[in-house]
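Note on naming: letters A, B, ... go to the chains in the order of the sequence lines (proteins, then strands), and numbering restarts at 1 for each one. Excluded from the calculations below are hydrogen atoms, water molecules and symmetry mates; all remaining heavy atoms, backbone and side chain alike, are included.
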2 protein chains.
Amino acid sequence: MLTVTTVNVNGLRAASKKGFVPWLAETAADVICLQEVRAELDQLPVEVRAPEGWFATYAPAAAKGRAGVALLTRREPDAVRVGFGSAEFDTSGRYVEADLPGVTVASLYLPSGEVGTDRQDEKERFMAEFLPYLVELKGKAAADGREVVVCGDWNIAHQEVDLKNWKANQKKAGFLPEERAWLTRVLDEAGYRDVVRTLHPDVAGPYSWWSYRGKAFDNDAGWRIDYHMATPTLASRALKAYVERAESYDRRWSDHAPVTVTYEQ
Amino acid sequence: MLTVTTVNVNGLRAASKKGFVPWLAETAADVICLQEVRAELDQLPVEVRAPEGWFATYAPAAAKGRAGVALLTRREPDAVRVGFGSAEFDTSGRYVEADLPGVTVASLYLPSGEVGTDRQDEKERFMAEFLPYLVELKGKAAADGREVVVCGDWNIAHQEVDLKNWKANQKKAGFLPEERAWLTRVLDEAGYRDVVRTLHPDVAGPYSWWSYRGKAFDNDAGWRIDYHMATPTLASRALKAYVERAESYDRRWSDHAPVTVTYEQ
DNA sequence: CATTCTAAG
DNA sequence: CTTAAAATG
C-alpha cells in the first residue's frame with residue numbers, strides 16, 4: 001500500500017501557523033506532494049523544514065516568496081530531480097520528482113494565469129513544454145518497469161463536473177476550452193489517468209480549491225484542479241480517494257484541500 | 001484655555017483598530033495635530049474621517065500610504081492652508097495649518113531620513129526650505145496680531161537629554177550635529193520656543209517615540225522628537241505639558257505618544 | 001480575500 | 001518590529 005497526498009499549501013509559513021503541523025503529524029500518507037511553499041528553506045520552521053520521520057525534498061523558486069514545490073517521503077528516495085529540462089521553468093519552483101521503489105512520484109505546480117495577461121502566456125508556454133515531458137517520463141519509466149504519478153495543482157478544471165459554476169467560468173483562466181483540451185491530451189495522448197475521476201466517475205467534484213474571495217468556501221463554490229495523474233497500471237491499483245475538505249472556513253490552513261489516494265502494491 | 005495635542009499615529013487605519021477611537025472620544029484637547037495618517041480620506045473609518053464634534057482637515061500625500069497630516073479642531077477653522085509654498089513638499093502630506101481665533105496651529109511631519117540615503121537628502125532639503133517659512137509665518141502672524149504653534153514630528157532630538165542613548169546615536173539620523181544645529185536655528189533665528197522643554201528644563205525627555213524594534217519601549221529607550229514650537233508670547237502662556245506614554249507595550253496604538261500642552265488665553 | 005515582498009519608518 | 005502597497009494567486 002502506498003498512500004500519496006497532494007496539497008497546495010498557499011504559503012507553508014502561513015499554513016504552519018494555522019494547522020499544517022498537527023495535520024502532518026496525524027496523516028497516514030507515505031508521500032506528500034506540496035505546492036506553493038513560497039519560502040526558502042531557512043525561512044521555514046524546523047518542524048516542516050526537516051519533519052521527524054520524513055525525508056524532505058524542497059524545490060524553491062528563484063524568485064523569493066513565489067511558487068515552490070516539495071516532496072515529503074517516509075523513506076529516502078532513490079533519486080530526486082528538480083525541473084523537467086526546461087530553461088524557463090526549471091528554477092521556477094514548479095516541478096520536482098522522486099524515485100521510490102517501483103514508482104516515480106512528482107509534485108507539480110502549473111502556473112496560474114489570467115486571460116489577457118503575461119501570466120496566461122506563461123501558463124501556455126508551460127503547458128506546451130510539459131506535455132512532451134509527460135510522454136517522455138512515461139516512456140522512461142516503462143523502460144525501467146516503473147509506474148508514474150504526477151500529483152499537484154494543475155490549475156485547470158477538466159470538465160463541467162469539475163467546478164461548481166462552470167457556466168460563469170467558460171471564459172476564465174482555469175476553464176478555457178484550450179486548457180481543458182490540453183488536459184484531455186494529457187489523458188489521451190500522453191496516456192495518463194485522472195485517478196480520482198476514475199474512482200468516482202459521476203460525482204460533482206470532489207472540489208479541492210475554493211477561492212478566499214466572497215463566500216466560495218461556505219457555498220462550496222469550488223474547483224477540482226488538484227489531480228493525481230497516473231500511468232494506467234498504477235491508476236488501476238488505486239483503492240480509494242479522499243479530499244480532506246476542512247470542517248469550517250476558519251479551520252482551513254490553505255485555500256486548497258489535501259487530495260489523498262491509496263494505491264495497492 | 002486652549003489644549004493642543006500632537007501625535008504621530010503611524011497609520012491611522014492601524015491606530016483606529018488598536019485604540020485611537022476611544023482615545024479620541026475621551027481626550028480633553030481642543031485641537032489635535034496628527035502625523036503619518038498614511039491613508040486617503042475614503043480609506044478611513046467614518047469615526048476618524050468625520051468624528052462627531054470635530055472639524056477634520058486632512059492633507060494626505062500624493063503617494064498612497066505615505067506620510068499625511070491632519071488637524072482635528074473642535075471649532076471650525078477660519079482658514080486652512082496645506083503646504084508651505086514648496087514645489088517639492090506641498091503635496092507630500094507633511095504640513096497643514098489652520099487659523100483659529102488668535103492663533104495659527106500647524107501639524108508638521110518632517111521627513112525621517114537615514115544617513116547616506118536619498119531620504120536623508122530629502123530631509124535636508126525640507127529643513128532648508130522650512131526654516132525660512134517659519135520666519136515668514138511668524139512675521140505674517142505678528143502683523144495680524146496672532147500667535148503660532150507648529151506641532152508635530154520633527155524627527156530630530158535636540159539635545160543629549162532628549163534621547164536615552166545619545167552616545168550611540170551621534171552618527172544616526174535624528175541626532176546628527178547638523179540636524180541639532182538646525183533645531184537650534186528654529187529657536188534662535190526663527191524665534192520659536194520649545195514649549196515642553198521650557199516648562200520642564202531639566203528632565204530627561206519626556207520621550208515621545210520608542211522604536212518598535214527590540215525592547216525600546218520596555219526599556220524606555222525613547223526619543224523626544226515631537227514638539228510644540230510656539231511663538232514666545234504663546235509659549236509663555238503654556239500652563240502644563242503632558243506626554244501620554246501607554247501603560248504597556250500592547251496598549252499602544254502607535255510608536256509615538258501624544259504630547260499635550262494647555263495654553264492660557 | 002490571503003500570502004509574501006518591498007519601501008519606509 | 002510595524003505599516004501599508006504591490007504582485008500574485
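- Between Arg38(B) atom CZ and dA6(D) atom C1' there is a gap of 14 Å when expressed in whole angstrom units.
- Within the 4.5 Å cutoff, the side chain of Glu160(A) has heavy atoms near those of the Phe175(A) side chain.
- Less than 4.0 Å separates DNA chain D from at least one heavy atom of each of the following residues of residues 109-124 of chain A: Tyr109(A), Ser112(A), Arg119(A).
- Between Asp194(B) and Arg224(B) there is a salt bridge, since a side-chain N of the basic residue sits under 4.0 Å from a carboxylate O of the acidic one.
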Watson-Crick or G-U pairs under 3.5 Å in DNA chain D, rendered as dot-bracket with [ ] for crossing pairs and | for another strand: ||||.||||
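- The footprint of chain B on DNA chain C, defined by a heavy-atom cutoff below 4.0 Å, extends from dA8(C) to dG9(C).
- A tilted orientation is assigned to the rings of Trp209(A) and His256(A), their planes being inclined by 30° to 60°.
- Using a 3.5 Å distance cut-off with no hydrogens or angles, the side chains of Trp210(B) and Asp220(B) do pair a donor with an acceptor.
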Residues 164-171 of chain B side chain polar contacts: donor-acceptor under 3.5 Å, at least two apart:
{"from": "Lys164(B)", "atom 1": "NZ", "to": "Asn219(B)", "atom 2": "O", "distance (Å)": "2.7"}
{"from": "Asn169(B)", "atom 1": "ND2", "to": "Asn165(B)", "atom 2": "O", "distance (Å)": "2.7"}

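- Using a cutoff of 4.0 Å between basic side-chain nitrogens and carboxylate oxygens, Glu122(A) and Arg125(A) are not scored as salt-bridged.
- Residues meeting the side-chain hydrogen bond (donor to acceptor under 3.5 Å, both in side chains) test with Tyr58(A), sequence neighbours left out: none.
- Residue Gln43(A) is classed as a sugar-phosphate contact, given heavy-atom separations below 4.0 Å to backbone atoms only.
- Each salt bridge (Lys or Arg N to Asp or Glu O under 4.0 Å) pair with one or both residues in residues 249-260 of chain B, not counting sequence neighbours, appears once here: Glu247(B)-Arg251(B).
- Contact of the Leu34(B) side chain with the Val7(B) side chain is registered, since non-hydrogen atoms from C-beta on lie closer than 4.5 Å.
- Note: NE2 (His256(B)) to P (dT2(D)) measures 15 Å, nearest angstrom.
- Note: CD (Glu36(A)) to C1' (dT8(D)) measures 8 Å, nearest angstrom.
- Counting any heavy atom pair closer than 4.0 Å across all strands shown, Lys18(B) reaches sugar-phosphate atoms only and no base atom.
- In this structure, Trp253(A) and Trp23(A) have tilted ring planes: the angle between them lies in the 30° to 60° band.
- Here dA4(D) presents its P atom at 9 Å from CG of Leu12(B), a figure rounded to the nearest Å.
- No side-chain heavy atom of Leu110(B) sits under 4.5 Å from any side-chain heavy atom of Arg94(B).
- Spacing between atom CZ of Arg66(A) and atom P of dA6(D) amounts to 15 Å, rounded to whole angstrom units.
- Taking the side-chain contact (heavy atoms from CB on, under 4.5 Å) definition, one finds that Arg38(B) meets it with Asn10(B), Glu36(B), sequence neighbours left out.
- A heavy atom lying under 4.0 Å from DNA chain D marks the following residues of residues 207-226 of chain B, by number: Tyr212(B), Arg213(B).
- Between Trp154(A) and Trp182(A), the two ring planes are tilted [angle within 30° to 60°].
- By the ring pair (Phe, Tyr, Trp, His ring centres under 6.0 Å) test, Trp54(A) pairs with no residue at all, sequence neighbours left out.
- Checked against salt bridge (Lys or Arg N to Asp or Glu O under 4.0 Å), Asp226(A) has no partners two or more places apart in sequence or in another chain.
- A heavy atom lying under 4.0 Å from DNA chain C marks none of the residues of residues 158-170 of chain A.
- In terms of the ring pair (Phe, Tyr, Trp, His ring centres under 6.0 Å) criterion, residue partners of Tyr95(A) (sequence neighbours excluded) are, by chain and number, Phe84(A), Phe130(A), Tyr133(A).
- Mapped onto DNA chain C by nearest heavy atom, Lys64(A) and Asp153(B) fall at different nucleotides, with Lys64(A) at the one closer to the 5' end.
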